[in-house]
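A, B, ... follow the sequence lines: proteins, then strands. Residue 1 opens every chain. The shown structure was predicted, so the numbers you read here are calculated from the model rather than taken from an experiment.
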Amino acid sequence: MDLVFDGKTYSVELEPQAVSGEIKAKVNEESFSQSVIRISDNTILFLSSDKIQKTYVASDNGKVIAHIDGKVVAFDKVIEGQKSFSREALEYGSKDQVSTPMPGKVVKILVKEGDHVTLKQPLVIVESMKMENELKSPSNGVIKSIHFAAGDLVGTGQPIIRIEPEE
Amino acid sequence: MDLVFDGKTYSVELEPQAVSGEIKAKVNEESFSQSVIRISDNTILFLSSDKIQKTYVASDNGKVIAHIDGKVVAFDKVIEGQKSFSREALEYGSKDQVSTPMPGKVVKILVKEGDHVTLKQPLVIVESMKMENELKSPSNGVIKSIHFAAGDLVGTGQPIIRIEPEE
Amino acid sequence: MFTKILIANRGEIAIRVIKACRELGIKSVAVYSTVDRNALHVQEADEAVWIGEAPAQESYLNIEAIIGAIKKTGANAVHPGYGFLAENHLFAERCEKEGIVFIGPDSRSMKLVSDKVASRQVTEKVGIPLIPGMKNKSTDVGECMAAAEQIGFPVLLKASAGGGGKGMRIIKSRDELASAVEAGMREAKSAFGDPSVYLEKYIEQPRHVEFQVLADKYGNAIHVFERECSIQRRHQKIVEESPSPALNEDLRRRMGETALKVVEVSGYSNAGTVEFLVDKKGHFYFLEVNARLQVEHPVTELVTGIDLVHAQFRIAAGEKLWIKQDDLKQRGHAIECRIYAEDPENGFLPSAGNILFMKEPTGPGIRHDCGIYSGYEVPVYYDPILSKLIAWAPTREHAIKRMAAALLDFPLLGIKTNIEFLREIMTHPEFANGNTFTDFIPRNLPDWTPARSEELLSQAALAAAIASDKPKRGAFAGKAELLSPWETLGDWHIGSGKG
Amino acid sequence: MFTKILIANRGEIAIRVIKACRELGIKSVAVYSTVDRNALHVQEADEAVWIGEAPAQESYLNIEAIIGAIKKTGANAVHPGYGFLAENHLFAERCEKEGIVFIGPDSRSMKLVSDKVASRQVTEKVGIPLIPGMKNKSTDVGECMAAAEQIGFPVLLKASAGGGGKGMRIIKSRDELASAVEAGMREAKSAFGDPSVYLEKYIEQPRHVEFQVLADKYGNAIHVFERECSIQRRHQKIVEESPSPALNEDLRRRMGETALKVVEVSGYSNAGTVEFLVDKKGHFYFLEVNARLQVEHPVTELVTGIDLVHAQFRIAAGEKLWIKQDDLKQRGHAIECRIYAEDPENGFLPSAGNILFMKEPTGPGIRHDCGIYSGYEVPVYYDPILSKLIAWAPTREHAIKRMAAALLDFPLLGIKTNIEFLREIMTHPEFANGNTFTDFIPRNLPDWTPARSEELLSQAALAAAIASDKPKRGAFAGKAELLSPWETLGDWHIGSGKG
């Protein structure tokens, strides 16, 4: 199965070895074998010669999230027959647009169409969960279009500003 | 649906009223309506005019267990087409036999065939979880048969001693 | 004592108060907005009343709706929690008029202390040390500019009506002032309904140290020692501890006495917090009184053994203070980490959505004041605080390790949280050394992003693939066995390991 | 300090010790039997080693297998927990020979104190008050009969080699003696591998009060106050508390001094417990030393702020005692309830099976030392203890209410437990009054069965029916919404209620 994190695809093949007490796996062509106990829907133990790694997992529609050693990794599942997508394109933060990861209210637009902007320059202020948040430019470029005005409500992932990135 | 607790059957009919925010229900012919929120697989809220009753539920094969106000009630589900059974007949404690609710080792048989026994008279000692437990007679009667001897391992619900109850 | 208390709040603090009610045999009433129908505080209360739509103005800030709910349920008293109406003196006043006990200070002293400018005036008179600043609050940029020139840059902008860092900004120069004041006023208006702000001298690299006080209605007051709350992000506290690593016995005594003097001159009663800045030379400045139970009250409870919510109830019910200052002692060390729904990798933007899986940390010395559960949908309308993790141990070093261990084994999956970031703070050598100044985060963890080795990512991908490889026979029945092919594995030994 | 500790135990106590290791940066090694492959202690440890088949004799009591696991993993030290090998002086001796630090007393003093008869002889010499009893242990019914005649009935039968109520019986008359001694010897053999028993005078309606002690390897010792453990069923403690409602300052001081004298004469080091009986007149009798960490150690930790497991590590590592007797103070009140897999409705027969659903109690002052999880299969092979619920509060009254509230909201479904029975104890007026004698349960709750009104049963049936009415589209996805028709309900108000 193919999983995408931060634009990179991890192809995983599993081959459980019921008798030896291990599974053989390939992650991006690298083969290894690993002892595994599935404790519950949300808990997996990885066993190696010197370490038990308790791992928590949860999934939702197109997403699988793993928690290992206190670190969280959220993968997008690539469904067969559907082309691969990157996390960046789904969420805010692609190079050519600014959007918000959660619903909010546009408080102020800090630029206008045609402005030259630089990487990390604040472009728009959005209020969510009672805090004002500055959304910053994901690249050097020129403001191509602005889709919302102050006072507008904006939904998750809706492009607020489009940018023409420059090299 | 029919549920059995302690030998008594509770017939429940449900009729969710999506619009009014209530369900109509009949339990053993008594009708009432009740506001309900299903929080998760294991949590249900019952709402009445002066009380929120948080209720936990869990089920396993033929059993449904409810936890209300700190009290646990374990029902047997009556599957359609199957005749109703009582909890007593499934577990130890029926009037005509003694069995153990969990696996253990028979330590000592305290009676022999033909003995007259009285209600609550100790009949057999079984060791489970490192404690010796006396199993007592469920009725006044005569020992009909003894199926295990000291040192034998005995499984859940296996009859150890059968009794001919007397009136 | 009261027979029924309505809690005019939501989330972890509402649940904290509901549990206190339950212990004392007092009935609890929750209130909820439309979006909070499935919230945990509704499930935990004895009764619950719908008070309006999701936006706080229509529900949790809706005085009429809350007064209505109190009357409808026959509650004798209302606990406001923190935030929302907790420091709204009009609400306190309304309760007084309706004959409802407001569990907090009376409206008069609340009005005095919650007005930062008025409270400065009162405290200045009795010689309490203050940071140089504006004499009056303002909604005028020009007025602010003039004041800033007089105080001298850098200056600190604050909302007059509230706390929690809302509206707060450091202004380093003339050029930044206008836009900062405007933004601060907007935030103040949105958060507290009052856009007034004021300016004061900005103290560099200070510590934020506050004293918990308890005062009855008869003029008796004690302080319950300090909390250090210097670890902040955007003026929002995220880690608090007690005792403060910066205080010695003498400083602690002097600050405690000053805190009690503030209480005295403001005629304050019930639980409150007197906030100070402490500079690097050990000078301290009175900032303000928080006229409410604080988010971080558990660290005080764990170190002193006082139950502050029960104390609030008893004082509000008219009891005379039952504890003497000399009976109080700090024991061991407690640290609180605030668990927020926010994304440290992306400028700490708030995160909302469905909690797919959560396992609460437990164990000796661990307390988790929690407002969420597995399956809960975190709404976008309110503060992003999800829960508070508190660790107590005999020493600070041990408490830090206990907290770090608890944060390591705290999966909260489905939304972004600051858990990993908090662990980074707990394991930072400057935190271990007690170098906890308010610039701790910009100084020590600027632009922090979590490290994820390729090895970890491969392992995570493997776990994700195994998790997705569901058995075909339907829902997980609660059985640890027979779930998937891996469960048929034999027993494993050390040394049988890696291929 | 050690770098790696192997925990020769299972369940909640193994997890307690693993967490202590984690806090101190010490690697932990679990051991497990075949049936414990999915047990929680295996999941929490850094490493785990299979040591044998399910019966304890083949695994947790298997000295060779455990020594092998220690060597294989390179652990510096072993923590035995309680039960199993904790008080087996041969195991301690074997560790000493192998150069492994045994976290507990040395084998010599363990052998002395764990032999009840030998320890009586030593303590009697220095004037420590003892209950009249047999001078020697025995495996002979005739010998026991003669001794009982001399002491006078009623007499108490005890296993010589161990504690925890195993093998213990009250013998009221000559007629009962032979079968009681036989049964006691069988239980003693099975639990401790040694059938020896002894007899002593049975004190009616006593309290069981024990003192926690800490002694280093250099002759320094302190006591960490008392625990009252009078609430027992079949001589098995089920509720423990500290402070004891029966002690005044004078009695506490005298008993503490006696406890330290016992430690001194037996050359004991590390954590231990000196057990006493206290009669109704306030006379106390030394019973025995428990040469291990006790099940009920958390109540002492919560009241005194000492971490007993860390203390054990430090003492075993050779540290000098770092606490002075005068620095110790009891603060507030703590109660522990032992959660057992047993069926109070059916003579408290042990229960085993699959835990379908569990929600751990949480909240201020609540600690849950837990060895299980939702989905865990409780095996039949070991002690039926599942977890321990501990409540701390500023007063005994408050602690009782906190405990009762926590027990009320503690669903643990799928196996039978004593949770409801424990709540019955917590809400009993005789418990509230502090009338906690060892006959509390037979006297106040004989033949207890839970009350279940027809109204409750109807409501439960309704809940069960709703739970069974699953939506058709497969597994629960973690969403609180869209689960079944009820979720389309509108918002509800107080007063819209019952039909």
Self-check item: Separation between CG of D/Leu462 and OH of B/Tyr10, rounded to the nearest 0.5 Å
Solution: 13.0 Å

Quiz prompt | Minimal non-hydrogen separation, D/Ala464 against B/Phe75, with atom names | solution = CB-CD1, 3.8 Å

Quiz item: Of all heavy-atom pairs between B/Ala66 and D/Ala463, which one has the smallest distance, and what is that distance?
Solution: CB-CB, 4.3 Å

Quiz prompt | D/Ile419, part contacting chain B, at a heavy-atom distance under 4.5 Å | solution = neither

Quiz item: Got a sec: does the NZ of D/Lys359 have more than 12 other heavy atoms crowding it under 6.0 Å?
Solution: yes

Quiz item: Relative to chain D, which segment of B/Asp69 carries a heavy atom at a distance below 4.5 Å: side chain, backbone, both, or neither?
Solution: both

Quiz prompt | Contact class of B/Ile68 relative to chain D, heavy atoms under 4.5 angstrom | solution = both

Quiz item: When rounded to the nearest 0.5 angstrom, what is the spacing between OG in D/Ser190 and NZ in B/Lys105?
Solution: 6.5 Å

Self-check item: For D/Ala465 against B/Leu3, the heavy-atom pair lying closest together
Solution: N-CD1, 4.2 Å

Self-check item: Minimal non-hydrogen separation, B/His67 against D/Leu413, with atom names
Solution: CB-CD2, 3.9 Å

Quiz prompt | Candidate pair B/Glu127 and D/Arg186, rule side chain to side chain contact (heavy atoms under 4.5 Å, CB included), full reasoning | solution = CA-CA 10 Å; B/Glu127 185 190 302; D/Arg186 276 195 307 271; over 6 Å; no

Quiz item: Is there a side-chain contact between D/Glu454 and B/Glu30 (heavy atoms, below 4.5 Å)?
Solution: no

Practice problem: Looking only at non-hydrogen atoms, find the nearest pair between D/Ser468 and B/Lys77 and report the distance. | Solution: OG-NZ, 3.9 Å

Quiz item: So which of D/Thr417, D/Leu412, D/Leu457 has the largest heavy-atom pair count under 4.5 angstrom toward chain B?
Solution: D/Leu457

Quiz item: So how far is it from D/Phe357 CZ to B/Ser40 OG, rounded to the nearest 0.5 Å?
Solution: 6.0 Å

Quiz item: So which part of B/Ile44 gets closer than 4.5 Å to some heavy atom of chain D, the side chain, the backbone, both or neither?
Solution: side chain

Quiz item: Where the side chain of D/Arg452 meets the backbone of B/Lys71, is there a donor-acceptor pair that is under 3.5 Å apart?
Solution: no

Quiz prompt | Residue D/Pro384 versus chain B: region with a heavy atom under 4.5 Å | solution = both

Self-check item: Separation between CD1 of B/Ile65 and CD1 of D/Ile415, rounded to the nearest 0.5 Å
Solution: 10.0 Å

Exercise. Measure B/Lys108 against the heavy atoms of chain D and call it side chain, backbone, both or neither at under 4.5 Å.
Key: side chain

Quiz prompt | Which portion of B/Lys26 sits near chain D, non-hydrogen atoms under 4.5 angstrom | solution = neither

Quiz item: Is it the side chain or the backbone of B/Tyr56 that comes within 4.5 Å of chain D heavy atoms, both, or neither?
Solution: both

Exercise. Specify which of B/Asn42, B/Val57, B/Val107 makes the most heavy-atom pairs with chain D at under 4.5 Å.
Key: B/Asn42

